[in-house]
Each structure stands twice: as C-alpha cells, then as structure tokens.
2 protein chains.
Amino acid sequence: MQREEFFESLKRKGYRLTGRRKEIVDFLLSQTDRYITAKELIEHLQKRHPTLSFETVYRNLHTLRDEGFIEESRFAGETRFRIPCCPTHHHHFVCISCGRTYVMDHCPMPAVEDIPEGFTVLQHRFEIFGICAGCRQGREIPDWAESRTPTEVTSSTCPKH
Amino acid sequence: MQREEFFESLKRKGYRLTGRRKEIVDFLLSQTDRYITAKELIEHLQKRHPTLSFETVYRNLHTLRDEGFIEESRFAGETRFRIPCCPTHHHHFVCISCGRTYVMDHCPMPAVEDIPEGFTVLQHRFEIFGICAGCRQGREIPDWAESRTPTEVTSSTCPKH
DNA sequence: AATTTAATCGTAATGATTATCATTTAAGAC
DNA sequence: GTCTTAAATGATAATCATTACGATTAAATT
C-alpha cells in the first residue's frame, strides 16, 4: 500500500492525520521487509523528534494493528510490528537475526481438514524461523533459538522479497 | 510422557528433583490439553504453598522450555506454556477463549518448497486460533480477535484430544 | 551425618506497556 | 482565515510481567 493510499484509508476510518502518526507510518513504510520493535521505532524517531512519547507510539501501533494495517509477531523475546509488504495473503520466513521477512507462497490452511464441527476459525499463524543467507555469514545462531525444541526440516529453494 | 519418566529424564540431565520442581511439573502434567500462563500456575500452586516465589516458577518454566520439555506460545496478549500432549510432532488448533489445544495432523513443512539456498530453518510455528465448540456456547469472541486481520477459511471435521 | 552446590526465597530492580489528565492540534464549520 | 471541538499528544506516574541478587535451604552424593 502506498503512502497516500494509506493515509486516505486512515482518514476514511475517521482518524486524523497528525504529524506523529505520519512519522510513525512513514517509518513503518520504509521497513516493510522486516519486523521492528516498538523500541527501534521510538529510537529512530526520537533522533529527529525528541519529544515523541512512548504513549503515542504504542497508541498508534495498536490503532494500526486493530484496524488491520499492521501485523504483530513475537520472537526472540520481543514483540514486533510491520506493515505487510503486499496486500495478498501470505506467510513468512522470518530471520531471527535481522528480523527480515521473506514471503512464502505456501499457505497451509487449504490442506487442513480436521477442524471439527462447531469450531470457529478466526486466525492462523504460519511462520518459519531461521537465519537468512545474509546473516548466516559472521553471526552465530542466537541462544534462544538453539535451546528450544527444534524442528528437523529439510528445505529447498528461492524466496522473494 | 508420564510423570516418572519425566522426572527420570530431568534427573539424567543433571537437574535436581526438588519439591517445587515436582509441584510445577505435576500441575503442568495435569493440564496438557491447554496452555496456561505463569500467573495461573503461580496462583494455583500458592493455594497450597503460599511461599512459592515468582522467581522459582519462571526459572523452572524456562529451564523446562530450554530443555525442550515445554512449549511456549503467546496469544490474547499473554505468554503461555504447556507440556506437549504427545511426543510426536504436531500442530494445534488453539481456543483463544479457554486456551485448550486440539491436535491437528497436518504439518505444512513438507509442502514448503521455496526456502532459498543459504537459509537455515530452525523452527516453524503453525497454529490455528479460534473458538472451540465448548466455548462457543455462551461466550463472545474476545475483542482482540475480532480486531485483527482475520483469515477467511472454511473448515471441515473432527479433532482429537 | 557431612559436604557440596543447585535450587529456593524474599526482595528489589528492570523493562515493556498502559493510564491519567492537562494541553495541543487536525478537521470541519463558519 | 478564524472558530470550534474532539481526537491526539506529551509528561508523568502506574502497572504488569519478568529478571537479578544475595542469603538461605535442601537434594544428591560421600
């Protein structure tokens, strides 16, 4: 979603286009290929705008999330946010070292056949966590990743984005 | 995994079988069909053992997690833990109302074919969130669930556990 | 029973997130 | 352009989950 489109959409929903809101959205739009933490966002924006408050950042992130504009994920012990890189439904390979996400075409839901009657599906989450090629060189695998029940999976070729 | 087996395994890894550890594991073993929060665990155990400290609970949960004995998930704004209901690899339908989990046979990993060369897969996460039949009656869908980008998925039949 | 050291307790500290309320400011009306 | 008003913000304090610390307890081994 492009910047102007994004702001139009916010406005249509009755939100005001404040300076802060625009700064926050602009930064998110500049980072659509990875998840960022609230802290990263604040630190980045406070360089130019020292008076920016935590409250404002969290309030905006949650507003955007609740309106479906941003995705939230949590890994390596931190909650992270991002604006989806593209509007179509998809899942990610997430690099736990740099937070970058790589689009995967596959969605598991069509193959799920054992949801019983009376159960309501609201959401699903499918993410593969690992180390991307860029981070592979020169970085160790973080402790938290090695220490948890790993999944032995053999993989194959070629991402996107 | 049964109780004695569990304790044996802990002991083999060099951990002591303390009273607190056993109480914590026993409670987890009594709740293998759902995720519980650290708070729930503490509140339950403090009824009988008022001196139980937060420190001990968190330390044990993390020890158990790091040794691969318990799974961690986060939804509805809270971090939750559980001992897997069975040792084979599987994923869950998670009821966001009661936290109960229902085993699904399907694992999406074999169908994933677009992981590029140089990328290392460490883990994957596939969860379906929704409302189970039991909770469907008499409960509303929580706010947090309705407010996020929902996934429109049609489903079919019959869970386990 | 004595020894060793992991595990625990109690408390304080940390870090992330949320609440309060006075003040500011975007958006629409005039 | 000015006025109005309600949303958004900033500053601060509060809350909540989680972690750290140092003294004490107790499991496991001798």
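Numbers restart at 1 for each chain; the letters A, B, ... are given by sequence-line order, proteins then strands. Just so you know, these numbers come straight off a predicted model, no measurement behind them.
In this structure, B/Thr56 reaches the C/dC9 phosphate: one of its side-chain N or O atoms is under 4.0 Å from OP1 or OP2.
Between B/Arg74 and A/Arg59, the one whose closest nucleotide on DNA chain D sits nearer the 5' end is A/Arg59.
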**Request:** Could you check A/Cys95 against B/Phe119 for side-chain contact (heavy atoms from CB on, under 4.5 Å), going step by step and ending with a plain yes or no?
**Result:** CA-CA 9 Å; A/Cys95 176; B/Phe119 281 49; over 6 Å; no
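The interatomic distance linking A/Phe7 (CZ) with C/dA26 (P) rounds to 13 Å, in whole Å. For the pair A/Phe81 CZ and C/dA16 P, the interatomic distance rounds to 12 Å; values are reported in whole Å. If you measure from atom CZ of A/Phe54 to atom C1' of C/dG15, you get 9 Å, rounded to the nearest angstrom. Remark: P of C/dA16 and CZ of A/Arg80 are 12 Å apart, rounded to the nearest angstrom. Following rounding to the nearest Å, B/Tyr58 (OH) and C/dT11 (C1') show an atom-to-atom distance of 16 Å.
Every side-chain hydrogen bond (donor to acceptor under 3.5 Å, both in side chains) that A/Arg21 has, sequence neighbours left out, goes to A/Asn60. Checked against side-chain contact (heavy atoms from CB on, under 4.5 Å), A/Glu55 has the following partners two or more places apart in sequence or in another chain: A/Ser53, A/Arg59. Contacts of A/Thr51 classified as side-chain hydrogen bond (donor to acceptor under 3.5 Å, both in side chains), with partners at least two apart in sequence or in another chain: A/Arg20. With sequence neighbours excluded, the residues satisfying side-chain hydrogen bond (donor to acceptor under 3.5 Å, both in side chains) with B/Arg34 are B/Gln31, B/Glu40. When the side-chain contact (heavy atoms from CB on, under 4.5 Å) test is applied to B/Arg48, no partner is found at least two apart in sequence or on another chain. Residues passing the side-chain hydrogen bond (donor to acceptor under 3.5 Å, both in side chains) test with B/His90 are B/His92, sequence neighbours excluded.
Atom NZ of A/Lys22 and atom CG of A/Leu17 lie 6.0 Å apart (nearest 0.5 Å).
For residues 20-27 of chain B, proximity to DNA chain D is found at no residue, defined as any non-hydrogen atom under 4.0 angstrom from a strand atom. For DNA chain C, the residues of residues 11-18 of chain B within the heavy-atom distance limit of 4.0 Å (strictly under) are B/Tyr15, B/Arg16, B/Thr18, sorted by number. Taking a 4.0 Å limit (strictly below) on heavy-atom distances, residues 36-47 of chain A does not reach DNA chain D anywhere.
The shortest heavy-atom contact between B/Glu67 and B/Tyr15 is OE2-OH, 2.6 Å. Heavy-atom minimum distance, A/Leu61 versus A/Ile70: O-CD1, 3.3 Å.
With 3.5 Å as the limit, one finds no donor-acceptor pair spanning the side chains of A/Ser73 and A/Arg80. No side-chain donor from either of B/Glu72 and B/Tyr35 sits under 3.5 Å from a side-chain acceptor of the other.
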**Complete:** Here DNA chain C, pairs taken as Watson-Crick or G-U under 3.5 Å and shown with ( ), [ ] when crossing and | when to another strand, reads ||||||||||||||||||||||||||||||
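Remark: the backbone N or O of B/Asp33 is paired with a side-chain donor or acceptor of B/Thr101 at under 3.5 angstrom.
For residues 45-68 of chain B, no pair satisfies ring-ring contact (aromatic ring centres under 6.0 Å, His included), with sequence neighbours left out.
Counting non-hydrogen atoms under 4.0 angstrom, A/His62 reaches the backbone sugars and phosphates but no base. A/Ser53 comes within contact range of at least one nucleobase, with a heavy-atom separation under 4.0 Å.
Using bins of under 30°, 30° to 60° and over 60° for the plane-to-plane angle, the ring pair B/Tyr102/B/Phe93 lands in the perpendicular bin. Under the 30°/60° scheme for interplanar angles, the aromatic rings of A/Phe126 and A/His106 are found to stand perpendicular.
A nucleotide of DNA chain D counts as in contact with chain B when one of its atoms lies under 4.0 Å from a heavy atom; the first and last such, 5' to 3', are D/dA17 to D/dA28.
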